[in-house]
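Beneath this line is the structure, given in structure tokens, with notes to follow.
The first residue in the sequence is number 1, and the count goes up from there. On a predicted model such as this, the values are computed, not experimentally measured, just so you know.
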Amino acid sequence: MLTYREFKSLNRRDNQEKNEINHFFGKYFVNFAAYFFYRLNLSPNQVTCIFILVGIIGGILGSFGFFVTAYILWRLHIIIDMADGSIARVTKVFSDFGDPLDKIGHHIIYPIYWVGFSYSSGLLELFPVLTILFITIASSQWTLKHLYKDRFLMTKGTSYPKRIVANIMGVEGFLILIIIYVYTNLLNSLYLILFFIASNLILFIYKLYHLLKDI
């Protein structure tokens, strides 16, 4: 059994610097989470199942109006998602089913959050057509990343400011803005849903352009 320091030193990716930009928040916690599961002797796929379960629970809680708790679980599920890869790299235990399982988890979790937060915030009732349009575009732009044959060619923020902007335009921004909308009177509901549509459409076009360019 490795010590924490040994585990951390072995948990290095080929694209470590870019990955830390992509996960500028989770990078501070991933080694703690990964080492915890490592000490429990869990396999990478077992940790993947845990992140899927945490994400689903968070999405369900969001649909019942527990927005802050749902967001905390959202952040937690991302950290656990990073941890499964950490354990695989350190232990050299890889599985052909690992990547598909990871993708299946995200394709379950993301729609639950989009639909759940839209429903419990009242946006789905106020603007059913616009909200369904947003969820469709959001799902499409996020799914585009899985069409890349080489995951290292996927479009990602190359700097912290760009990554923050990308997060605001994506699911992270959606969750945070919904929380602000629900608990304050700072945001107009119509402008909010229009922003979600516009931002995700921009991400869709941007990802599609880079995908076609790399083919």
Side-chain angles (χ1 to χ4, degrees), residues 1-59 61-62 69-113 142-146 148 150-160 162-176 203 207:
M1 189 69 69
L2 300 171
T3 65
Y4 174 75
R5 181 174 295 184
E6 291 170 333
F7 183 93
K8 184 178 179 180
S9 67
L10 291 172
N11 181 24
R12 299 287 299 179
R13 304 168 60 109
D14 295 334
N15 61 337
Q16 183 70 24
E17 185 175 342
K18 289 184 178 180
N19 189 68
E20 288 186 353
I21 293 175
N22 193 42
H23 296 286
F24 57 86
F25 176 81
K27 68 179 183 180
Y28 296 108
F29 306 97
V30 60
N31 282 305
F32 296 110
Y35 189 69
F36 170 76
F37 292 121
Y38 166 76
R39 294 287 298 186
L40 293 178
N41 202 32
L42 296 181
S43 70
N45 284 351
Q46 288 173 326
V47 176
T48 300
C49 290
I50 292 175
F51 104 66
I52 294 174
L53 179 61
V54 170
I56 291 175
I57 292 173
L61 288 176
T69 303
Y71 178 73
I72 292 173
L73 291 180
W74 165 263
R75 279 276 111 219
L76 180 60
H77 107 276
I78 292 176
I79 294 170
I80 299 174
D81 180 24
M82 297 169 64
D84 60 6
S86 299
I87 295 174
R89 282 187 295 275
V90 171
T91 62
K92 308 301 182 185
V93 175
F94 299 98
S95 167
D96 292 336
F97 187 58
D99 190 53
L101 180 63
D102 184 280
K103 292 178 180 178
I104 290 171
H106 287 302
H107 279 87
I108 295 173
I109 294 167
Y110 280 57
I112 292 177
Y113 267 93
W142 187 84
T143 302
L144 272 179
K145 63 185 283 187
H146 296 307
Y148 285 83
D150 186 344
R151 64 168 52 202
F152 294 107
L153 295 177
M154 293 189 301
T155 57
K156 295 181 180 180
T158 54
S159 67
Y160 288 109
K162 289 182 179 179
R163 189 63 230 170
I164 291 172
V165 170
N167 278 20
I168 292 173
M169 295 175 67
V171 63
E172 188 83 22
F174 166 73
L175 299 177
I176 293 174
L203 288 176
K207 291 179 180 179

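Rounding to the nearest 0.5 Å gives a distance of 12.0 Å between OG1 of Thr69 and CD1 of Ile57. From Leu53, atom CG reaches atom CD1 of Ile108 across 11.0 Å, with rounding to the nearest 0.5 Å. For the atom pair Met169 CE and Leu203 CG, the distance stands at 4.5 Å (nearest 0.5 Å). One finds the OG1 atom of Thr48 at 10.5 Å from the CD1 atom of Ile80 (value rounded to the nearest 0.5 Å). In this structure, OH on Tyr113 lies 10.5 Å from CD1 on Ile56, to the nearest 0.5 angstrom. Within the model, atoms CD1 of Ile52 and CD1 of Ile109 stand 6.0 Å from one another, a figure rounded to the nearest 0.5 Å.
Listed here is the closest heavy atom pair of Leu101 and Cys49: CD2-SG, 4.0 Å. Contact between Ala33 and Ile79 at its shortest, heavy atoms only, is CB-CG2, 3.8 Å.
Between the side chains of Tyr35 and Glu6, no donor N or O sits under 3.5 Å from an acceptor N or O.
Within the 4.5 Å cutoff, the side chain of Phe51 has heavy atoms near those of the Asp102 side chain. Contact annotation: the side chain of Asp81 never approaches that of Val47 to less than 4.5 Å [non-hydrogen atoms, C-beta and beyond]. Residues Leu2 and Val90 have side chains in contact (heavy-atom distance under 4.5 Å, counting atoms from C-beta outward). No side-chain heavy atom of Met82 sits less than 4.5 Å from a side-chain heavy atom of His77. Side-chain contact between Ser86 and Arg89 is present, with heavy atoms from C-beta onward closer than 4.5 Å. When side chains are defined from C-beta on, Phe37 counts as touching Ile50, because their heavy atoms get closer than 4.5 Å. With contacts defined as side-chain heavy-atom distances shorter than 4.5 Å, the pair Val93/Pro44 qualifies.
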*Could you go through the side chain to side chain contact (heavy atoms under 4.5 Å, CB included) check for Leu76 and Phe29 one step at a time?*
CA-CA 9 Å; Leu76 180 60; Phe29 306 97; over 6 Å; no

*Would you sort out whether Trp142 and Val171 count as a side chain to side chain contact (heavy atoms under 4.5 Å, CB included), showing the intermediate values?*
CA-CA 9 Å; Trp142 187 84; Val171 63; 5.8 Å; no

*Starting from the C-alpha separation in whole Å, work towards a yes-or-no answer on side-chain hydrogen bond (donor to acceptor under 3.5 Å, both in side chains) for Asn45 and Asp84.*
CA-CA 7 Å; Asn45 284 351; Asp84 60 6; over 6 Å; no

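Two rings, from Phe174 and Trp74, have their centers 6.0 Å or more apart.
The one candidate from Lys207, His106, His107 that meets the side chain to side chain contact (heavy atoms under 4.5 Å, CB included) condition with Thr143 is His107.
Within a 6.0 Å radius of CZ in Phe32, no more than 12 heavy atoms belonging to other residues, nucleotides or ligands are found.
Using bins of under 30°, 30° to 60° and over 60° for the plane-to-plane angle, the ring pair Phe7/Tyr38 lands in the tilted bin.
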